[in-house]
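What follows is a set of notes on a single structure, which appears directly below.
All of these numbers come straight from a predicted model, not from anything done at the bench. Chain naming here is simple, since letters A, B, ... match the order of the sequence lines and numbering starts at 1 in each.
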Amino acid sequence: MTVPGAEELARRKRLQVGPETVSNQASTDFPGHWPGENHEWNLDHFRENLKVQFYSTPPPDPLRPDVENTDPALDLTFSLIGVDTAIANAFRRILIAEVPTVAIETVFMLQNTSIIQDEVLSHRLGLIPLHGSRDGLRWMKWRNKPAEGGEEEPPSDYNCAQFTLEVDCSWQEGGKDRMRQGETDPNKLYVNHSVYAKDMVWVPIGKQHQLFKDDPIRAANPDILIAKMRPGQQIKLMMHAFKGVGKDHTKFSPVATASYRLMPAIDILKPITGADAKKFARCFPKGVIKLEKVSPEDAQKDPELQGKEGEAKAVVHDPMRDTVSRECLRHAEFKDKVRLGRIRDHFIFKIESTGQWNSDELFLESVRLLKIKALRVKRGLAEMT
Amino acid sequence: MAAPEDPSHIQIADTSADPDDTSTNDPSNITNRVTRLSGSTDTAASFQIEKEDHTLGNALRYIIMKNPDVEFCGYSIPHPSEDKMNIRIQTYDNVSAESVLDKALQDLMDMCDVIEEKFREAREEHQNKMEE
């Protein structure tokens, strides 16, 4: 059995990004692909090569550089290095569609005289992310689907969280006078003219009293605007929240989005110096390319740098910030001097939680669910006749 | 839509009927039905797995292809409205396709354990570093 060298392995792991093409996309680490090499599945080998990397300062998202990373618990970026795309993608898909959360499913309208229609209001309520004691939410069960033609399982403390929303809009004291004087700011005229997610009141039932004692079920973001009203209008309703998964309805998805991108790689093949170096740095987002002075040692080592001591030289500083825009490939002066690519097995995950669970918990849950999927099929296979 | 005036109609769970016992509430207690499709032989078989999609399909395909006894492996979702996934396995040297699938599922589970372990390690290390 031959073992490929480190350089050859790095080459195989690299997607080449050309001006018009992407090549070397497919992974080739399968038995029989490279003659004489062993690519059989090996857990120890996998363990040695797998690397998970967290970042102490959250790396900025190159596609949204102006957005600061807010809460690292809900907006997590980490690298998963050494897995195949098929596996990384399974985690991403599970995060979006199969990790269960609790969301409002049924709304009982008692009174709605606001201008927002019953069905639109119900839909808006369903999309509000809920939050509460982790143990309590974990303890809550599915509401079992009714058998064909059968009755639905009745809501109970172990499968249902109940909320009420009762808001009346009215005039402030002296509001009418102020309006006659030409005041138009609703904050100075009305009471309860905006209905927010924090106005929802959780009604604990049964065992929920204990389980959610210290951390009640509530909207994850209290300031979500649900509806606007004017004096005389009223909303009075009751809601039931159940556990569900994102593939049934997006409101059950625990993430705003979960995505990954591959680590960009930039190789400068021949030195880029002087004014060209500045132009080269401008082809990339800020921080990707650094300008360094050519030192006397550099000039001695590289014939191309001879006599250029003290000039600026382009050096790759932080490829993770790159968007792989390929701008540098459009300019003739950089022809054959740079090679762009991505690392096939370096996944930069970004998990943006909606607030019910922390992003790291969500990833662990997705790993657990993939294992459970395999287990269920394994059991099915054993029962196969 | 029904509009019950009194929200107290919600029934409080009877603790004697412990919900933790109802097996279908735990996703790991569900068994997926697996069938062998017609025309299959021992070494070249297609399996149909219910209630699975690309998530498991592609991951399983990858890990089966890592097995040197496998000549060919591919998966498909025959119809988008049917919650079914077909997986085809052809092997060399009289190796049973069923055993290959079984091994792959076990490998996938072991892999998940390793990923979980590594993720926890890295997270702990990161948290310690942040506290310093």
Indicate yes or no for a side-chain donor-acceptor contact from B:Lys118 to the backbone of A:Leu50 under 3.5 Å, with no hydrogens or angles considered.
yes

Max heavy-atom pair count under 4.5 Å with chain A, selected residue of B:Arg33, B:Lys51, B:Glu52:
B:Glu52

Heavy-atom pairs under 4.5 Å with chain B - which of A:Gly32, A:Ala97, A:Pro100, A:Ala86 has more of them than the others?
A:Ala86

With side chain to side chain contact (heavy atoms under 4.5 Å, CB included) as the criterion, how do B:Phe119 and A:Leu80 come out once you've worked through the C-alpha distance, each side chain's angles and the decisive distance to 0.1 Å?
CA-CA 9 Å; B:Phe119 185 86; A:Leu80 187 64; 5.8 Å; no

Rounded to the nearest 0.5 Å, how far apart are CG of A:Leu76 and CZ of B:Arg123?
9.5 Å

Is A:Asp29 close to chain B through its backbone or its side chain, or both, or neither, when contacts mean heavy atoms under 4.5 Å?
both

Starting from the C-alpha separation in whole Å, work towards a yes-or-no answer on side chain to side chain contact (heavy atoms under 4.5 Å, CB included) for A:Trp41 and B:Met111.
CA-CA 10 Å; A:Trp41 172 254; B:Met111 182 178 71; 3.6 Å; yes

Can you say whether B:Arg61 sits under 4.5 Å from chain A via the side chain, the backbone, both, or neither, judging by heavy atoms?
side chain

Distance (rounded to the nearest 0.5 Å) between A:Phe30 CZ and B:Cys73 SG:
9.5 Å

Set out, in order, the CA-CA distance, both residues' side-chain angles and the distance that settles side chain to side chain contact (heavy atoms under 4.5 Å, CB included) for B:Thr35 and A:Met384, then state yes or no.
CA-CA 6 Å; B:Thr35 43; A:Met384 188 178 70; 5.5 Å; no

What option among A:Gly380, A:Gly82, A:Pro31, A:Ser27 has the most heavy-atom pairs under 4.5 Å with chain B?
A:Pro31

Largest heavy-atom contact set with chain B, pairs under 4.5 Å, which of A:Asn89, A:Ile87, A:Asp118:
A:Ile87

So which of B:Glu98, B:Lys129, B:Glu50 has the biggest tally of heavy-atom pairs under 4.5 Å with chain A?
B:Glu98

Return the option, out of A:Arg92, A:Lys371, A:Lys243, A:His33, with the maximum number of heavy-atom pairs under 4.5 Å with chain B.
A:Lys371

Residue part contacting chain A, namely of B:Asp113, when any heavy atom lies under 4.5 Å:
side chain

Starting from the C-alpha separation in whole Å, work towards a yes-or-no answer on side chain to side chain contact (heavy atoms under 4.5 Å, CB included) for A:Arg93 and B:His54.
CA-CA 9 Å; A:Arg93 286 174 62 95; B:His54 298 281; 3.6 Å; yes

Among B:Asp110, B:Leu108, B:Leu101, B:Asp107, the residue with the most heavy-atom pairs under 4.5 Å to chain A is B:Asp107

Contact winner vs chain A - B:Asp69, B:Asn67, B:Ile63, B:Leu60, heavy-atom pairs under 4.5 Å
B:Ile63

Are A:Lys247 and B:Asp53 close enough, and set up right, to give a salt bridge (Lys or Arg N to Asp or Glu O under 4.0 Å), and what steps lead you there?
CA-CA 11 Å; A:Lys247 62 179 167 187; B:Asp53 56 6; 5.3 Å; no

